[in-house]
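Quick one: the structure is below, and I'll ask about it shortly.
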Amino acid sequence: MIMSKKVLITGVTGQDGSYMADFLLESTNYEIYGMVRRASTNNYHNIKHLLNNNRFKLMTGDLTDSQSIDNIVKEVLPDYFINLAAQSFVGASWQIPEQTFEIDAMGVIRCLEAIRKHAPKCRFYNAGSSEELGNVDYSPQDENHPLKPRSPYGAAKAAARHLVKVYRESYDLFAIQGLLYNHESPRRGEEFVTRKITKAIARIKKALDYGYEFEPLELGNIDAKRDWSHAKDFVQGIWTMLNQSSPKEYLLASGETHTVREFVEKAFLYAGIKGRWVFTGDLNNTLPENEVFKKDSGEILMKINSVFYRPAEVDLLLGDSSKAKNDLKWNPKITFENLIKEMVENDLKM
Ligand code: NAP
Ligand code: GDD
């Protein structure tokens with residue numbers, strides 16, 4: 001009897017983990033093992049549609065607990081191990097730097113050690129980030145750009161990149177860390193800027209439609225530039241990276257960069273709300289915190305709150321994914337505009 005292959009996915013309750021599970025259940029006949037950590041309240045909203053699928057099984061583990069990772073790898077003996085779990089919010093990584101490093105860097109050693117001991121033929125993917133490049137030297141960035149992180153999160157991911165390389169070279173493991181730029185979707189966590197914007201717009205739209213007062217959306221640095229894509233396109237890229245003949249690392253990005261400001265404008269427009277940028281106070285007062293986005297009729301839609309500024313910022317991200325397109329035939333389909341539309345429409349429906 002031919003045994004079905006097994007894929008272990010950590011971070012399966014998150015954005016990418018849940019899309020990866022969807023994609024593999026649809027496009028393969030493999031058994032999918034999703035690792036979840038114990039939580040006091042239910043956080044299965046991204047995977048509830050999978051819970052009755054007999055090829056989808058949940059395993060309890062935590063990247064901060066080596067025994068749990070070791071036990072899961074020993075029991076499942078996966079053919080693929082896709083590590084998407086992380087403390088993934090850059091902003092929080094200054095408040096919880098130790099925990100961020102513990103999960104995002106030390107956690108990767110725990111995965112690699114378990115693979116080395118119990119499943120050395122397993123193909124391992126670790127989720128790398130454009131935050132590792134940080135204060136960039138040139139644009140667009142490519143796979144050769146130096147690591148220059150600006151946050152505890154970026155530093156932890158950069159450490160993980162070195163660890164993955166060391167284990168690959170020391171033990172001949174198929175272990176890679178992709179270099180992925182920002183990717184979003186209706187499943188994006190609510191504190192990341194794109195989803196924060198689309199959730200607030202849905203709330204504001206309801207208030208405008210029913211004619212009651214509302215609090216504006218509050219953001220930090222709206223001039224930061226990001227290279228945004230759709231998470232669905234990226235999980236396919238990760239899977240292709242894992243199925244090459246040799247373990248090579250690739251950069252996935254859209255090749256376009258946009259400011260947070262642009263995202264705000266377009267998202268409001270897609271919700272049918274037209275706004276414009278205005279400085280409040282006296283005419284010479286052009287400090288960023290005095291700029292608002294408002295309707296001609298006077299309602300303030302968005303204002304700046306310095307609480308959301310970071311101790312150090314990555315000002316510009318723009319990736320060149322031509323290697324992935326050429327070598328892996330990776331073909332992302334969802335545009336920036338369609339991504340925003342989908343996110344706005346989803347939140348308006350909720
Ligand atoms: P996400 O939605 O925040 O999901 C993170 C997942 O990690 C959640 O399932 C979370 O579980 C789990 N997790 C956190 N700490 C854990 C621990 N100690 N043990 C086990 N599981 C833990 O993140 P995402 O956007 O899907 O990103 C997936 C990966 O790609 C992350 O590694 C992220 O850093 C990286 N990445 C993301 C982007 C992007 O733009 N989305 C870009 C580059 C790299 P709970 O539900 O229990 O919290
Ligand atoms: N979250 C947030 N909230 N960001 C804001 C806000 C706000 O109120 N106001 C402005 N921003 C700016 C941030 O300062 C940053 O420049 C940009 O919006 C994007 O912030 P996030 O959406 O939190 O994402 P990120 O770029 O810091 O990190 C994401 O992408 C990385 C890849 O580059 C995360 O998904 C990371 O996990 C991922 O590695």
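Just so you know, ligand 1 is whichever comes first in the structure, and atom 1 is the first atom listed for that ligand. Reckoned from all heavy atoms, side chains included, excluding hydrogens, waters and symmetry mates.
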### Message
Could you check whether Ser93 and Gln95, counting side-chain N and O atoms only, form a donor-acceptor pair closer than 3.5 Å?
### Response
no
### Query
N/O to N/O below 3.5 Å, does that happen between Phe89 and ligand 2?
no
### Message
Would Tyr153 count as being in polar contact with ligand 1, using the rule that some N or O on each side must be under 3.5 angstrom apart?
### Response
yes
### Message
Would Trp228 count as being in polar contact with ligand 2, using the rule that some N or O on each side must be under 3.5 angstrom apart?
### Response
no
### Message
Need the ligand 1 atom indices (1-based, order shown) with element for anything under 4.0 Å from a heavy-atom of Asn182.
### Response
40 (O)
### Query
Counting both backbone and side chain atoms, is some N or O of Arg188 under 3.5 Å from an N or O of ligand 1?
yes
### Task
Show which atoms of ligand 1 fall inside a sub-4.0 Å distance from at least one heavy-atom site of Met35.
20 (C)
### Heteroatom proximity flag, Ile103 to ligand 1, N/O under 3.5 Å
no
#### Entry: Cationic N near anionic O, under 4.0 Å, Asp296 to Lys274
no
### Task
Identify, for atom 27 (O) of ligand 1, the protein heavy atom at the shortest distance, and state residue, atom and that distance.
Asp16 OD2, 3.7 Å
Donor-acceptor list for residues 301-308 side chains, cut-off 3.5 Å, not counting sequence neighbours:
from: Asn305; atom 1: OD1; to: Val307; atom 2: N; distance (Å): 3.0
from: Asn305; atom 1: ND2; to: Glu218; atom 2: OE1; distance (Å): 2.7

### Query
Gly107: heavy atom below 4.0 Å from ligand 1, yes or no?
no
#### Entry: For atom 8 (O) of ligand 2, closest protein heavy-atom neighbour
Lys196 NZ, 2.7 Å
### Task
Output yes when the distance from some N or O of ligand 2 to some N or O of Val193 is under 3.5 Å, and no in every other case.
yes
### Query
Measuring from Gln244:CD to Arg123:CZ, what's the distance to the nearest 0.5 Å?
8.0 Å
### Backbone or side-chain N or O of Tyr181 under 3.5 Å from ligand 2 N or O
no
## Note on the structure
Ranked by distance from atom 37 (O) of ligand 2, the top protein heavy atom is Ser88 O, 2.6 Å
### Message
When you compare ligand 1 with Glu184, is there at least one nitrogen or oxygen pair between them that comes in under 3.5 angstrom?
### Response
no
### Message
So, regarding Ser130 and ligand 1 (criterion: nitrogen or oxygen to nitrogen or oxygen, under 3.5 Å), is there a contact or not?
### Response
no
### Message
Less than 4.0 Å is my threshold; does some heavy atom of Tyr181 fall inside it relative to ligand 1?
### Response
yes
### Task
Work out whether the distance between some heavy atom of Lys157 and some atom of ligand 1 is less than 4.0 Å.
yes
### Query
At a 4.0 Å threshold, what atoms of ligand 1 neighbour a non-hydrogen atom of Thr13?
8 (C), 9 (O), 11 (O), 45 (P), 46 (O)
### Query
For ligand 1, which atoms sit closer than 4.0 Å to a heavy atom of Ala127?
29 (C), 30 (O), 32 (O), 35 (C)
### Task
Look at atom 1 (N) of ligand 2 and find which of Glu218, Glu191, Arg195 reaches it with the closest heavy atom.
Glu191
### Task
Output yes when the distance from some N or O of ligand 1 to some N or O of Gly17 is under 3.5 Å, and no in every other case.
no
### Message
Among all protein heavy atoms in this structure, tell me which lies nearest to atom 24 (O) of ligand 2, with the distance rounded to 0.1 Å.
### Response
Asn182 ND2, 3.7 Å
### Query
How far is atom 38 (C) of ligand 2 from its nearest protein heavy atom, and which residue and atom name does that atom have?
Tyr153 OH, 3.5 Å
### Query
ligand 2 versus Leu317, non-hydrogen atoms closer than 4.0 Å: side chain, backbone, both, neither?
side chain
### Query
To which of Asn221, Leu219, Leu316 does the heavy atom nearest atom 10 (C) of ligand 2 belong?
Asn221
### Query
Does any N or O atom in Ser129 lie less than 3.5 angstrom from one in ligand 1, N or O only?
no
### Query
In the protein, what heavy atom is nearest to atom 48 (O) of ligand 1, and what distance, to one decimal place, separates them?
Arg37 NH2, 2.8 Å
### Query
Rounded to the nearest 0.5 Å, how far apart are SG of Cys111 and OH of Tyr125?
13.5 Å
### Identity and distance of the protein heavy atom lying nearest atom 33 (O) of ligand 2
Ser130 OG, 2.6 Å
### atom 39 (C) of ligand 1 - nearest protein heavy atom and its distance
His183 CE1, 3.3 Å
### Message
Taking side chain to side chain donor-acceptor pair (under 3.5 Å) as the cut-off, I'd like each qualifying pair that reaches into residues 96-106, sequence neighbours left out, listed once.
### Response
Gln87-Thr100, Glu102-Arg110
### Query
Do the charged groups of Arg261 and Asp223 touch, with an N to O distance under 4.0 Å?
yes
### Query
Is Arg187 near ligand 1, meaning one of its heavy atoms is under 4.0 Å from it?
no
### Query
How are the rings of Phe268 and Phe293 set relative to one another: parallel (under 30°), tilted (30 to 60°) or perpendicular (over 60°)?
tilted
### Message
Would you call the rings of Tyr210 and Tyr212 parallel, tilted or perpendicular, taking 30° and 60° as the class edges?
### Response
parallel
### Task
May I ask you to decide whether Glu342 forms a salt bridge with Lys232, counting only side-chain N to carboxylate O separations under 4.0 Å?
no
### Summary
Closest to atom 4 (O) of ligand 1 among protein heavy atoms sits Gly14 CA, 3.5 Å
#### Entry: Parallel, tilted or perpendicular, as decided by the 30° and 60° cut-offs, for the rings of Phe336 and Phe263
perpendicular
### Task
Pull out every atom of ligand 2 sitting under 4.0 Å from any heavy atom of Ala224, numbered as shown with elements.
16 (O)
### Task
Look only at interatomic distance and state if Ser88 has a nitrogen or oxygen under 3.5 Å from any nitrogen or oxygen of ligand 1.
yes
#### Entry: Salt bridge present between Arg161 and Glu249 (N-O < 4.0 angstrom)
yes
#### Entry: Heavy atom of the protein closest to atom 14 (O) of ligand 2 (residue, atom name, distance)
Glu313 OE2, 2.6 Å
## Note on the structure
When distances are taken from atom 2 (O) of ligand 1, the protein heavy atom at minimum range is Gln15 N, 3.0 Å
### Query
Do the charged groups of Lys323 and Asp142 touch, with an N to O distance under 4.0 Å?
no
### Message
I want to know if ligand 1 touches Thr64 in the polar sense, i.e. an N/O pair below 3.5 angstrom.
### Response
no
### Task
Would you please determine whether Val260 falls within less than 4.0 Å of ligand 2 on a heavy-atom basis?
yes
### Task
Identify the protein heavy atom lying closest to atom 28 (O) of ligand 2, giving its residue, its atom name and the separation to 0.1 Å.
Val90 CG2, 3.5 Å
### Query
Against heavy atoms of Arg188, which atoms of ligand 2 measure under 4.0 Å?
29 (C), 34 (C), 35 (O)
### Query
Among all protein non-hydrogen atoms, which one is nearest to atom 6 (C) of ligand 1, and what is the separation to 0.1 Å?
Gly11 CA, 3.6 Å
### Query
So, Gln141 and His145: side-chain donor and acceptor under 3.5 Å apart, yes or no?
no
#### Entry: Protein heavy-atom partner closest to atom 5 (C) of ligand 1 - residue, atom, separation in Å
Ala86 O, 3.8 Å
### Query
Does Arg187 come within less than 4.0 Å of Asp22, counting only side-chain N to carboxylate O?
yes
### Query
Nearest to atom 20 (O) of ligand 2, what protein heavy atom do you find, and at what distance?
Arg310 NH2, 3.5 Å
### Query
Can you tell which of Val235, Asn126, Leu84 gets a heavy atom nearest to atom 29 (C) of ligand 1?
Leu84
### Task
Look at the side chain of Arg55 and the backbone N and O of Thr28, then say whether any donor-acceptor pair between them is shorter than 3.5 Å.
yes
### Query
Is Arg38 salt-bridged to Asp62, cutoff N-O under 4.0 Å?
no
### Query
Between Lys341 and Glu345, is there a side-chain N and carboxylate O pair less than 4.0 Å apart?
no
